[in-house]
Amino acid sequence: QVQLVESGGGLVQAGGSLRLSCAASGRTFSSYVMAWFRQAPGKERELVAAISWSGGNTYYTDSVKGRFTISRDNAKNTVYLQMNSLKPDDTAVYYCAADATGAWAALANPRRFGYWGQGTQVTVSA
């Protein structure tokens, strides 16, 4: 069983920055594909960023490229999402997700991720 706990959300003005963290339990964290999804009211959950088990591969949705950075520290069982130049459209609940298969495919499909955190609210004011 894997448990994911997010932290770092909050209220920030447009143009500001936040850093989300996701701490994972489990001895095999270093083999997981990790991802951040977000869900705004009335919208579907969407993939924001993903990182391979080694950190060698990353993916970003177009709307956050150049502004967000995903990283991981396997020694600390933690994945991060550094969010800069935040916009009101980034307002959502952000979820950390883990896939134990380690496969780098079909990342945008939430159903391939077997483990989820409880979510952390990010609100960006204009």
Side-chain angles (χ1 to χ4, degrees):
Q1 189 72 14
V2 176
Q3 291 186 326
L4 305 175
V5 180
E6 301 106 332
S7 61
L11 172 64
V12 64
Q13 289 186 332
S17 298
L18 284 174
R19 188 194 195 201
L20 305 184
S21 299
C22 173
S25 64
R27 298 179 181 178
T28 57
F29 172 82
S30 60
S31 66
Y32 301 159
V33 170
M34 300 298 297
W36 288 95
F37 284 77
R38 66 186 179 188
Q39 189 165 19
K43 295 187 177 180
E44 293 187 352
R45 191 168 296 191
E46 67 165 345
L47 175 66
V48 176
I51 188 166
S52 62
W53 65 270
S54 67
N57 291 314
T58 56
Y59 168 86
Y60 299 94
T61 194
D62 285 346
S63 63
V64 308
K65 285 180 181 177
R67 301 188 297 123
F68 290 10
T69 302
I70 189 170
S71 62
R72 67 190 296 161
D73 185 337
N74 287 341
K76 295 182 178 180
N77 281 14
T78 302
V79 63
Y80 306 96
L81 185 67
Q82 178 66 44
M83 306 186 294
N84 299 328
S85 302
L86 282 161
K87 304 175 181 179
D89 284 350
D90 295 318
T91 295
V93 178
Y94 283 70
Y95 297 91
C96 176
D99 169 53
T101 69
W104 191 249
L107 300 173
N109 183 359
R111 284 178 285 185
R112 65 153 288 177
F113 289 87
Y115 304 101
W116 292 85
Q118 79 287 355
T120 185
Q121 177 71 46
V122 172
T123 302
V124 184
S125 62

Output a table of donor-acceptor pairs, distance under 3.5 Å, between side-chain atoms of residues 104-111 and any protein atom two or more places apart or on a different chain; print 'none' if there are none.
from: Asn109; atom 1: OD1; to: Arg111; atom 2: N; distance (Å): 3.0

Problem - Partners meeting side-chain hydrogen bond (donor to acceptor under 3.5 Å, both in side chains) with Asn77 (sequence neighbours left out) - result: none
Handout entry: Flag, side chain of Glu46 to backbone of Arg38, donor-acceptor distance under 3.5 Å
Key = no
Fill in the blank from the handout: The residue among Val48, Leu47, Thr69 that forms side-chain contact (heavy atoms from CB on, under 4.5 Å) with Tyr60 is Thr69
Practice task
Could you state whether Leu4 and Phe113 fall into the same hydrophobic cluster, counting links through intermediate Ile, Leu, Val, Met, Phe, Trp or Tyr residues with side-chain heavy atoms under 4.5 angstrom apart?
Solution key: no
Problem - Donor + acceptor pair across side chains of Asn84, Ser17 (<3.5 Å) - result: yes
Exercise for the section: Starting from the C-alpha separation in whole Å, work towards a yes-or-no answer on side chain to side chain contact (heavy atoms under 4.5 Å, CB included) for Ile70 and Trp36. Expected result: CA-CA 8 Å; Ile70 189 170; Trp36 288 95; 3.7 Å; yes
Fill in the blank from the handout: From the list Asp90, Leu11, Val93, side-chain contact (heavy atoms from CB on, under 4.5 Å) partner of Thr123 resolves to Leu11
Practice task
Sort and list the pairs that fulfil disulfide bond (SG atoms under 2.5 Å apart) and have at least one residue in residues 43-118, not counting sequence neighbours.
Solution key: Cys22-Cys96
Problem - salt_bridge(Lys65, Asp62) N-O dist < 4.0 Å - result: yes
Practice task
Check for a donor-acceptor pair, side chain of Arg67 on one end and backbone N or O of Ser85 on the other, with a separation under 3.5 Å.
Solution key: yes
Handout entry: Pi-cation contact, Trp53 with Arg72 (under 6.0 Å, within 45°)
Key = no
Handout entry: Joint hydrophobic cluster, Met34 plus Phe37, side-chain heavy atoms closer than 4.5 Å
Key = no
Practice task
May I ask you to check if Arg19 and Tyr80 form a cation-pi contact, with NZ or CZ under 6.0 angstrom from the six-membered ring centre and within 45° of the axis?
Solution key: yes
Practice task
Test side chain to side chain contact (heavy atoms under 4.5 Å, CB included) on Leu20 and Thr120 and set out the steps.
Solution key: CA-CA 8 Å; Leu20 305 184; Thr120 185; 4.0 Å; yes
